[in-house]
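Residue numbers run from 1 in the order of the sequence given. What you see below is based on every heavy atom in this structure, not just the backbone, and it leaves out hydrogens, waters and symmetry mates.
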Amino acid sequence: MASSAPVGVFDSGLGGISVLRALRAALPGEDFLYFGDSRHAPYGDKPLSQVRALSLDAAGVLLDRGAKAIVIACNTATSAAAALLREQHPALPIIGTEPALKPAVERHRGGRILVMATEMTLHEEKFRHLQAQFQGQAQVEAVPCPGLMEFVEQGIFQGAAVEDYLRAHLGPYLCAPVDAVVLGCTHYPFLLDAIRAVVGAGPEILDGAAGIARQTRRRLEAQGLLNPRTAGGAVTFLNSLDDPAILARCEALLAR
Ligand code: DGL
């Protein structure tokens, strides 16, 4: 595989663009192919077998176009299909996404940490394992947010509807002090202002995008796949919805 080939990135929709922004900052010489499966979004409330199949198809779209590595810019797809993808493509760098619980615990030992994510992410083995790893080091509480990613898919980032949703879902957890809120879905960083308005100024809000970008850089370097260019990388957006408006929304999110 040539180092000049693009890095493939996929998500159930547009949320993974929050990861793409960090990838672009860390790897400015790389070309990126971003596939958003908006036709099938959300993944988080679908059966596991279906999310596995959709994730394999999404990776297939990128590999057919010559991707040299795959970044799964989706916590849900990572929980469901990362192991399977690695089994099927043992030589391919495959970088997954998981809620940034480790840095949250390191920064707030003994504190109270909320993890917002899809139901699938929170119920799958990957997160349960992660949670068990930090047992006793912090009070970690899982906050399922079904339906929250849809606001981002529709281009709604703030306003009464999002804040009402957040108050209804986060409100019960805010009766006691919170030290950190982990955004365990790649759509949620686009809702940062609305989340901040609801949780208040106190808690630190973390997401995993910068960590994924660093890990991608390490993996490309280790396999001799880093593009020698240091600037000028391009982004190509693909989406399972055949709608030019979606592609325009992708460009706008990347520029946000
Ligand atoms: N961006 C996905 C994630 O990180 C969205 C989940 C969904 O499609 O439900 O989990």
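- None of D11, L253, V235, I212 except one satisfies the side-chain contact (heavy atoms from CB on, under 4.5 Å) rule with L20; the exception is V235.
- P144 approaches Y173 most closely through the heavy-atom pair CD-OH, 4.2 Å.
- Pairs of residues two or more places apart, or lying in two chains, never qualify as ring-ring contact (aromatic ring centres under 6.0 Å, His included) while including a residue from residues 193-218.
- Minimum interatomic distance between T118 and T76 (heavy atoms only, all atoms of both residues): OG1-OG1, 2.9 Å.
- At least one donor-acceptor pair closer than 3.5 Å links the side chain of S240 to the backbone N or O of S38.
- Nearest heavy atoms, L206 versus A180: CD1-CB, 3.9 Å.
- Between the E221 side chain and the L226 main chain, no donor and acceptor come within less than 3.5 Å of each other.
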Determine whether E30 and K68 satisfy the following criterion, salt bridge (charged side-chain N to carboxylate O under 4.0 Å, His left out), listing intermediate values before the conclusion. CA-CA 11 Å; E30 297 291 341; K68 65 182 175 185; 2.6 Å; yes
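- Looking at R128, its side chain does come within 3.5 Å of a backbone N or O of H123 through a donor-acceptor pair.
- Side-chain N or O atoms of Y165 include one that pairs as donor or acceptor with a backbone N or O of C145 at under 3.5 Å.
- Counting non-hydrogen atoms of other residues, nucleotides and ligands closer than 6.0 Å to CZ of R86 gives a total above 12.
- Atom CZ of R229 has more than 12 heavy atoms from other residues, nucleotides or ligands within 6.0 Å.
- Judged by distance alone, with hydrogens and angles left aside, the side-chain atoms of Q223 form a donor-acceptor pair with the main-chain N or O of A91 at under 3.5 Å.
- Linking ILVMFWY residues whenever their side-chain heavy atoms come closer than 4.5 Å, directly or via other members, leaves L174 and V182 in distinct clusters.
- Put simply, the side chain of R112 never gets that close to the backbone of E141: no donor and acceptor are under 3.5 Å apart.
- Here ring-ring contact (aromatic ring centres under 6.0 Å, His included) pairs that include residues 20-60, with residues two or more places apart or in two chains, are Y34-F237.
- Remark: side-chain polar atoms of E153 are paired, donor with acceptor, to backbone N or O of L14 under 3.5 angstrom.
- Distance alone, capped at 3.5 Å, is enough to place a donor-acceptor pair between the D31 side chain and the A234 backbone.
- At distances below 3.5 Å, not a single donor-acceptor pair connects side-chain atoms of D207 with backbone N or O atoms of L183.
- No donor-acceptor pair under 3.5 Å is formed between the side chain of K126 and the backbone N or O of T78.
- R39 meets the side chain to side chain donor-acceptor pair (under 3.5 Å) test with no other residue; sequence neighbours excluded.
- Rounded to the nearest 0.5 angstrom, R196 CZ and L192 CG are separated by 7.0 Å.
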For the pair F10 and I70, evaluate side-chain contact (heavy atoms from CB on, under 4.5 Å) and give the outcome as yes or no after the intermediate values. CA-CA 8 Å; F10 80 87; I70 299 285; 3.9 Å; yes
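- A continuous path of hydrophobic side-chain contacts links L62 to L92 [ILVMFWY only; heavy atoms under 4.5 Å].
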